[in-house]
Number of protein chains: 2
Amino acid sequence: MTHPAAEITGSLEVIKAACRKAGIKLTAQRLEVFREVADSTDHPNAETVYLGVQKRLPTVSLDTVYRTLWLLEDLGLITTLGPHRGSTRFEANLKPHHHYVCTRCGMTRDLYHEDFDRISVPAEAHSFGTVQTTQVEIRGVCTHCTETTSERRSKGPVRE
Amino acid sequence: MTHPAAEITGSLEVIKAACRKAGIKLTAQRLEVFREVADSTDHPNAETVYLGVQKRLPTVSLDTVYRTLWLLEDLGLITTLGPHRGSTRFEANLKPHHHYVCTRCGMTRDLYHEDFDRISVPAEAHSFGTVQTTQVEIRGVCTHCTETTSERRSKGPVRE
DNA sequence: TTAGGTGCAAATTCTTTGCACCCTG
DNA sequence: CAGGGTGCAAAGAATTTGCACCTAA
């Protein structure tokens with residue numbers, strides 16, 4: 001699944017500006033890793049991002065993907081989600097949105113709901129630090145897991 | 001930090017009922033693992049829970065702690081949070097509450113705010129599956145990280 | 001009694017690190 | 001051309017698994 005070309009071009013500008021601002025180099029790897037995350041509507045883990053980037057940069061290494069993902073999170077360009085079979089998942093921060101998460105299998109879906117975007121932050125939160133984003137996470141058991149009724153997770157998280 | 005005795009006793013009833021309902025055995029390990037999580041106001045990882053349980057059950061093994069934690073999550077008695085230096089953190093589901101999370105260091109604090117407890121779930125969410133809980137997650141940079149200004153995370157997540 | 005649960009230790013899986021070479025600014 | 005960035009390969013951490021013994025129901 002792919003975003004419109006205009007948005008991808010937008011991402012390019014976003015990361016260029018962010019690197020300049022942070023005083024770090026803009027490399028092909030950084031560009032492609034960000035593009036890969038911004039270009040997916042699901043929530044890829046490091047391995048998946050690596051495979052995607054590899055199509056454009058065949059010599060890229062998995063460790064660079066990791067380093068770049070953490071860097072981008074640090075720059076505020078992407079966000080991490082809870083783990084999926086032990087591996088962290090990432091998503092681009094392009095628009096305000098929220099999540100539905102299955103507690104049984106870990107399936108995660110984006111949810112767009114304007115009411116949630118307008119939630120006001122309690123004073124207490126400001127005492128902890130700055131506020132960048134406010135997200136609502138709805139947890140439950142997805143329809144797929146509900147259908148396979150008695151099937152309980154036996155050995156650790158079998159996710160999404 | 002400890003909850004009042006009444007709440008701990010309450011946890012005992014909670015897990016007894018849950019095991020009976022799920023048709024699984026109530027073992028000392030399950031009881032103590034749940035108690036350990038319910039008894040902490042911070043967000044322990046598997047290792048920390050293990051160390052705590054070990055004080056009461058010296059022969060408990062780390063793998064049993066893992067198995068039990070996932071089981072309890074499955075039963076809906078505890079919830080997982082995002083990773084902290086790669087390891088998943090857990091918390092008991094005793095009361096509705098929300099989180100402040102530092103995107104720089106991963107520090108997580110509970111937030112009690114009745115307005116958030118009353119948030120209404122959009123119809124779209126129900127199409128994904130059942131709805132158990134709705135939590136608000138506020139992300140930002142905590143005061144500690146803000147003070148150590150230019151210090152950017154260089155090598156992976158250095159959390160909390 | 002007896003199937004589910006546990007402990008142990010080895011195996012996997014995910015992520016990080018040290019170092020020498022490369023390339024952006 | 002200088003210092004940050006990358007690739008490689010090996011290390012390290014977190015979590016899972018197979019199996020034989022144990023114990024709650």
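In the text below, chain A, chain B and the rest are named by the order of the sequence lines, each starting its count at 1.
For the helix from C/dT1-D/dA25 to C/dG25-D/dC1, the axis fitted to the five pairs at one end and the axis fitted to the five pairs at the other end meet at an angle of 50° (nearest 10 degrees).
Closest contact between the side chain of A/T88 and the listed nucleotides C/dT15, C/dG7, D/dG7 involves C/dT15. Side-chain atoms of B/W70 lie closest to D/dT16 of the nucleotides C/dT15, D/dT17, D/dT16.
A/L75 places its CG atom 14 Å from the C1' atom of D/dG4, with the value rounded to the nearest Å. Note: CG (B/L72) to C1' (C/dG5) measures 14 Å, nearest angstrom. The nearest whole Å value for the distance from the CG atom in B/L71 to the P atom in D/dT16 is 13 Å. Rounded to an integer number of Å, the gap from B/Y50 OH to C/dG7 P is 9 Å. Residue B/R30 contributes atom CZ, which lies 13 Å from atom C1' of D/dA25 at whole-angstrom precision. In this entry the distance linking CG of A/L69 with P of D/dG5 reads 15 Å, nearest Å. Per the geometry, CG belonging to A/D74 stands 13 Å off P belonging to C/dT16, to the nearest Å. Between B/L31 atom CG and D/dA24 atom P the separation is 12 Å, expressed in whole Å.
Just one residue in the list A/T80, A/D42, A/T108 forms a side-chain hydrogen bond (donor to acceptor under 3.5 Å, both in side chains) with A/R89, and that residue is A/T108.
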Once each nucleotide of nucleotides 20-25 of chain C is scored for protein heavy atoms under 4.0 Å, what B/S/- sequence comes out, 5' to 3'? ----BS
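For A/Y66, the side-chain contact (heavy atoms from CB on, under 4.5 Å) partners are A/A46, A/L62, A/W70, not counting sequence neighbours. By the side-chain contact (heavy atoms from CB on, under 4.5 Å) test, B/T48 is found to be paired with B/P44, B/N45, residues two or more places apart in sequence or in another chain being considered. A/T134 pairs by the side-chain contact (heavy atoms from CB on, under 4.5 Å) definition with A/I119, A/V121, A/V131, B/V136, B/I138, not counting sequence neighbours. Residues passing the side chain to side chain donor-acceptor pair (under 3.5 Å) test with B/T27: none are found, sequence neighbours excluded. Looking at residues two or more places apart in sequence or on another chain, you find a side chain to side chain donor-acceptor pair (under 3.5 Å) between A/T79 and A/N93. Here B/D115 pairs with B/R118 under the salt bridge (charged side-chain N to carboxylate O under 4.0 Å, His left out) rule; sequence neighbours left out. Residues satisfying the salt bridge (charged side-chain N to carboxylate O under 4.0 Å, His left out) criterion with A/E137, sequence neighbours excluded, are A/R139.
Sorted by first and then second residue, the pairs that involve residues 48-63 of chain B and meet salt bridge (Lys or Arg N to Asp or Glu O under 4.0 Å), not counting sequence neighbours, are B/E32-B/R56, B/D63-B/R67. Note on residues 121-131 of chain A: no pairs pass salt bridge (Lys or Arg N to Asp or Glu O under 4.0 Å), not counting sequence neighbours.
A centroid separation of less than 6.0 Å is found between the aromatic rings of B/H99 and B/H43.
Remark on DNA chain D: of its neighbouring residues B/E47 and A/T68, the 5'-side contact belongs to A/T68, judged by nearest-heavy-atom nucleotide.
Within residues 54-63 of chain A, the residues approached by DNA chain D to less than 4.0 Å at the level of any non-hydrogen atom are A/T59, A/V60, A/S61, A/D63, in residue-number order.
Using a 4.0 Å cut-off, some side-chain N or O of B/Q29 falls inside it from OP1 or OP2 of C/dG7. Dashed line: the shortest gap from a side-chain N or O of A/Y66 to OP1 or OP2 of C/dT15 is under 4.0 Å.
Judged by distance alone, the side chain of A/S40 and the main-chain N or O of A/E36 form a donor-acceptor pair under 3.5 Å.
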